[in-house]
Structure formats: C-alpha cells, structure tokens
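The figures here come from the full heavy-atom set of this structure, side chains too, leaving out hydrogens, waters and symmetry mates. Just so you know, residue 1 is the first one in the sequence shown, and it goes up from there.
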Amino acid sequence: MPEEKKDSKPKKAVKKTAKAEKVKSPAKSTKKAKIKKEVVETLANEVIDNQIEESPVNEPTAEEFLKDFDWNLFEEGIETIKDDKLSEFEKLVEENFVDTYNESVIEGTIISLTEREAIIDINAKSEGVISLNEFRYNPDLKVGDKVEVLVDIQEDKTGQLVLSHRKARTIKAWDRVNDAHDQSTVVIGFVKCRTKGGMIVDVFGLEAFLPGSQIDVKPIRDYDQYVNKNMEFKVVKINHEFKNVVVSHKALIEADIELQKKEIIGQLEKGQVLEGTVKNITTYGVFIDLGGVDGLIHITDLSWNRINHPSEILELDQKLNVVILDFDDDKSRIQLGVKQLSAHPWESLDAELKEGDKVKGKVSVLADYGAFVEVVDGVEGLVHVSEMSWSTHLRSAQDFVKVGDQVEAIVLTLDREERKMSLGIKQLSSDPWTDITKKYPVGSKHSGIVRNFTNFGIFVELEEGIDGLVYISDLSWTVKVKHPSELFAAGDKIDVLVLELDSEARKLSLGHKQTMDNPWDVYDKTFAEGTSHNATISDSNDKGATIIFNDDITAFVPNRHLVKEDGNKLKKGDTSDFKVIEYNKDFKRVVMSHTVLFNDQEKKNVKESLKKVNVKDSDKSTLGDLDVLADLKKKMVDDEKKKK
C-alpha cells in the first residue's frame with residue numbers, strides 16, 4: 001500500500017490539476033481569473049499532499065477503509081473537493097491577494113519610509129513605492145498609516161511596482177468634496193501657494209480656492225504665513241461645470257465667534273473695563289476686538305493729549321484695556337474709550353493759575369483761526385489769530401508760529417468747569433496805538449510796506465501793529481487804476497501821507513499820490529480849452545482815435561471830429577493840428593478835434609466878407625457885391641450838406 005500511494009502521488013497531482021482545469025474551464029479569460037486559478041490549484045495540491053503525508057501509520061480496519069475509501073479517486077485518479085471548500089479558497093484569495101491589473105482604488109499600509117519614497121504593502125506579490133511629494137499635505141505621515149493608492153505601473157524598468165496616492169485621491173475627491181459641502185462637514189486642506197486674491201488649497205487631492213477675505217475674521221497682512229500648512233476648512237461653493245471649489249476658514253471661526261459674541265454681549269455694561277486687541281486703525285479712530293465683538297475708540301477718546309492720527313500711540317494687534325462708554329439697543333455698535341481710564345489733566349492744573357498770568361507752552365496744533373498751545377500735558381489753551389499781533393489786519397496763524405514752537409502767552413480767560421483757556425501773545429508787548437497821534441499825525445509823511453490787496457485799495461504796514469489803508473483813488477494822479485496790483489506788488493516799499501486818523505476805531509487812512517505834485521495842475525494852462533496842438537494819431541477804432549502826448553495825457557478825438565476839409569478822415573499815423581474842445585482835471589479827460597479848425601476858419605471868412613459888403617459909405621449894393629454874396633451863400637450850403 002505505501003508503495004502504491006508513493007507511486008500514485010504524482011499521478012494524483014497531475015489528475016488534480018486536470019480536474020481543477022476541468023472545473024475552471026468556464027472561467028473568465030481575464031488575467032484576474034488566471035491568477036485565481038493558479039492560486040486555487042496550488043492550494044488544492046497542498047491540501048492533497050498534506051492529506052497523504054498525514055495518513056495514519058496504523059493500518060485501518062476493513063470497515064474503516066471501505067467507509068473512507070474514495071472510489072472516484074480509485075477509478076478515475078481524481079480526488080473530489082467539496083464546493084464549500086472551493087468557495088472558502090476563493091474567499092481567502094479575494095481577501096488576501098490584490099489584482100495589480102485592476103484600476104480601482106485599493107487601500108495599502110505604509111511599512112517603511114525613506115528620504116524620498118514611501119513603501120506600501122497592498123498584499124500583492126511585491127510592495128509598491130510612492131514619492132513622498134504626494135504626501136506633502138500630510139507632514140505627520142508615519143509607518144503603519146493606511147493610505148489609498150492606485151496601481152500606476154505594474155513593473156517599471158527595475159521590476160518595481162509603482163503606486164500613486166494622488167491619482168487615488170483624485171478619483172474619490174469629488175465624491176468627498178460634494179459630501180463635505182452637502183453635509184457642511186469640516187475638511188483638512190493643505191495650503192499650497194499664494195495666488196491673486198487668495199490662496200490655493202489642496203483638498204482631497206483637488207485644488208480649491210481660498211479667497212483672502214475668507215482666511216480670517218481680521219485683515220490679513222502676511223499671506224505667506226499660511227503657505228505649506230494644514231488648516232481646517234468648510235466647502236462653501238462648488239461649480240460643477242468648471243470643476244471649481246471654494247473653501248473658507250473664516251466660516252469656521254465665525255461660527256465659534258458667534259457663540260462668544262452672544263455670551264459677551266449679554267454681559268456688557270456701561271463703565272465695564274475689558275481687554276481688547278487692536279484690529280484696525282483708521283483716521284477717525286481704532287477698532288478693537290473684544291473676543292468676537294468689535295468696538296470703536298474714537299480718536300478723541302484715545303488720549304487727553306491732542307493727536308493727529310491713532311497710529312501715533314497704537315499699533316495693530318496691540319493689547320490694551322478699554323472702558324465701555326456707550327452702545328445701542330441691540331449692542332451692535334459699541335463705543336469704547338481709553339483716556340477715561342486715567343484722570344483728566346485739568347484736575348492736576350495749578351490751582352493758583354489765574355487770568356493775567358504768564359505761561360509757557362508748546363504749539364501743538366495750528367488752525368486758520370489760531371493756534372493751540374499745550375501748557376501742561378493734556379491742557380491746551382487757544383491763541384486766536386487776533387491775539388497774536390496788534391495789527392487789525394488779520395492773517396493766518398501760520399504767519400506767526402509753527403507746530404513745536406515754544407511760546408510765552410498771557411492767560412486771558414480761564415474756565416475750569418468748562419475746561420477752556422484762551423491765551424494772548426500780543427499782550428506781552430505794548431499797544432502801538434496808545435501814542436499813535438504823536439507818531440503819525442495827520443499830514444505827516446512815512447514809508448511803509450504793502451502787505452495786502454483789496455478791490456478798493458491796499459493795506460500798508462507802517463510798523464508791527466500799525467496798518468493803514470490807501471484807497472484806489474489815492475494811488476495815482478494820472479493813471480486810472482482798475483486794481484491796485486497793476487501798480488504795486490506785495491512787499492513793495494512806498495511813501496504815504498497820513499490823511500485821516502481814528503485812534504479809537506484803530507483806523508488809519510493814507511494816500512500815496514499826495515506825496516507827489518499833481519501834474520494836472522500844470523496841464524490846466526497847457527491843455528486849456530481852445531488851445532491847438534500838432535500831434536500824431538496813436539490809435540483808432542470805431543468810436544474815434546487817441547493821441548498820446550506823454551505818460552499822463554492821452555487825448556480822445558471823436559469820429560466826427562476826424563473829418564478833414566476835403567471830406568476824408570484822418571487815420572492812425574496821420575499828423576495834423578488838433579484843438580482842445582474839452583478839458584476836465586478831475587476826471588483826467590482831454591477831448592480834441594481836427595474838424596473844428598477849418599470850420600472856424602470858414603466862419604471867419606464869412607464874417608470878413610460881410611464886413612466888405614456892409615461898407616458904411618455905400619448906400620446900395622452893386623451887382624458885383626450881389627454876386628459875391630451869392631457865391632458865399634452857395635458855398636455855405638454845400639458845406640452844410642457835406643457835414644450832414
């Protein structure tokens with residue numbers, strides 16, 4: 001018997017293989033079926049071998065032998081394997097062996113990590129490798145972690161099984177992203193880099209967009225601090241058409257802040273002191289984060305001292321204590337203060353300080369109407385521009401002082417209850433108007449500086465605090481001035497004569513032309529009415545012509561007075577005789593005529609002819625005399641027609 005078994009062993013193995021092939025003949029033609037077939041055959045042969053090797057050494061009885069005797073094996077040489085055992089074999093294969101030709105996602109276990117690669121066990125004939133670059137989103141990767149992979153290359157040129165974690169994640173990414181969006185679950189993403197308007201985040205292997213406004217509840221100043229970091233996000237928008245995903249980290253923070261906000265608002269009370277963080281700085285104040293609730297400190301509530309911008313004393317992310325000054329009904333707008341946490345500087349002001357005392361201080365602020373002088377820290381007094389100089393001609397405060405100047409002043413008014421103080425600088429010197437009548441009597445001549453222009457005249461400063469007005473009519477004897485700037489410029493030094501003085505009203509009337517002789521007094525004779533002058537026409541227009549005799553005298557010739565004896569008109573550049581027909585010294589006007597010259601001569605000729613006719617010795621007129629009179633009459637009629 002042993003020899004028969006020994007001899008039949010190879011035959012059984014061969015026959016079993018044939019039987020297995022016979023059972024599996026309808027099997028699939030795929031490579032997966034072939035692998036399963038080989039594995040089943042191998043396991044079956046091992047079972048048969050084990051059964052043969054484990055046969056009892058003791059010979060069985062005849063009844064036991066016949067009971068357990070396999071007649072099929074004896075007759076056909078093929079051992080029968082039950083269906084339940086075959087099913088069990090196939091189940092074990094499916095659970096423990098991986099088909100590397102399948103494109104589905106499988107789960108593997110990291111069994112080793114190198115500097116560049118991760119070694120993954122997927123229950124295949126060999127382990128697979130994946131580049132560590134595919135695990136950048138997971139810096140905590142370690143041996144033993146379960147990861148999803150996809151067979152990328154069954155065998156590379158070195159015979160290595162190459163896997164891909166990125167492709168596996170991409171296959172399932174959209175399903176996971178959609179589930180996260182629908183269920184509002186929190187996802188972990190890896191911030192890859194910055195982009196225009198935000199950041200690029202790796203979520204389940206997909207590139208999602210994180211807008212800059214959705215990173216945090218407070219403004220972000222440094223986006224690079226988030227690069228190459230894992231963060232929690234909420235999927236807020238998916239565009240299925242363009243495969244775009246938008247995530248938000250701010251949404252998660254807001255949910256937590258909203259809970260904190262309700263808790264904080266419920267505990268707010270006026271006068272309560274809280275700790276906050278500077279969230280934003282503007283020109284008008286500072287926004288403070290109270291731990292989910294924002295409040296505003298107006299610039300006037302930051303310090304008792306005057307400041308131009310909140311950034312002078314505060315900076316972003318600075319922590320400070322604030323006091324709640326006020327809030328609206330729903331506590332959505334909270335007014336905060338910082339200076340209220342310290343005593344008011346007026347309370348430390350010298351109790352003996354009174355009106356009339358001299359004080360020193362630094363110019364802190366300039367305005368058009370005056371300057372604020374800080375007497376002690378937090379206590380300011382106003383020096384109005386009218387209190388800076390005795391001059392009645394007001395100027396800007398910038399003309400007297402600048403910010404930072406140390407000045408002395410006299411306390412003019414002091415109101416401790418209203419916390420107001422007015423100061424004066426001009427009171428440190430004597431009033432120049434006290435002896436004005438002695439310095440500048442009426443009729444006295446002085447030199448001054450042109451300080452300002454008006455439409456009606458100029459202001460001339462005789463000395464600091466003494467300004468006088470020169471009316472436009474008192475600027476020149478000969479020139480018709482439309483605006484004082486035609487003759488003078490600011491800063492010019494001119495001579496003036498005191499015309500009027502009112503010390504009570506602090507008004508001084510000056511004249512400039514009065515310091516010179518009036519040339520029109522001389523012209524009274526030279527250009528008297530009836531005088532004749534030979535001149536050249538300087539210019540002409542539709543109304544007439546002008547003749548310039550000198551800088552003072554410019555005569556006007558009306559159009560009808562330009563007609564010559566022959567009926568033509570004089571034009572620009574013509575030289576002829578002219579007669580003054582009007583002279584007005586007050587209005588500085590001279591009017592002349594050329595036509596009147598020959599008209600006067602004609603009248604003179606007629607008179608002389610009439611004298612000849614009316615001879616005393618003649619009793620009657622002769623025919624010759626009558627002819628002369630007729631010619632004269634005809635000529636006069638013609639002249640009249642020409643004039644018309």
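Side-chain contact check for S248 and Q214: at least one donor-acceptor pair (N or O, by modelled atom type) lies under 3.5 Å. Counting only N and O atoms by type, the side chains of S396 and Q398 include a donor and acceptor under 3.5 Å apart.
Under the 4.5 Å side-chain criterion, counting only non-hydrogen atoms from C-beta, D377 is not in contact with P345. When side chains are defined from C-beta on, K420 does not count as touching T413, because their heavy atoms never get closer than 4.5 Å. Residues F204 and D175 are not in side-chain contact: their nearest non-hydrogen atoms beyond the backbone lie 4.5 Å or more apart. Considering only heavy atoms from C-beta on, F190 comes within 4.5 Å of N228 through its side chain.
Using a 4.0 Å cut-off between charged nitrogen and carboxylate oxygen, D294 and K279 count as a salt-bridge pair. Salt bridge present: R506 and D431 bring a charged side-chain N and a carboxylate O closer than 4.0 Å. Taking a cutoff of 4.0 Å between a charged side-chain nitrogen and a carboxylate oxygen, D357 and K354 qualify as a salt bridge.
Applying the salt bridge (Lys or Arg N to Asp or Glu O under 4.0 Å) test to every pair with at least one member in residues 207-216, sequence neighbours left out, gives these pairs: K192-E207.
Other residues, nucleotides and ligands place more than 12 heavy atoms under 6.0 Å from the NZ atom of K250. Taking a 6.0 Å sphere around OH of Y471, one finds it holds 12 or fewer heavy atoms contributed by other residues, nucleotides or ligands.
A distance of 6.0 Å or more separates the ring centres of H249 and Y226.
For the side-chain contact (heavy atoms from CB on, under 4.5 Å) with I288, the lone residue among L296, L320, V293, L274 that qualifies is L320.
Remark: H446 pairs with Y440 by the ring pair (Phe, Tyr, Trp, His ring centres under 6.0 Å) rule, at least two apart or across chains.
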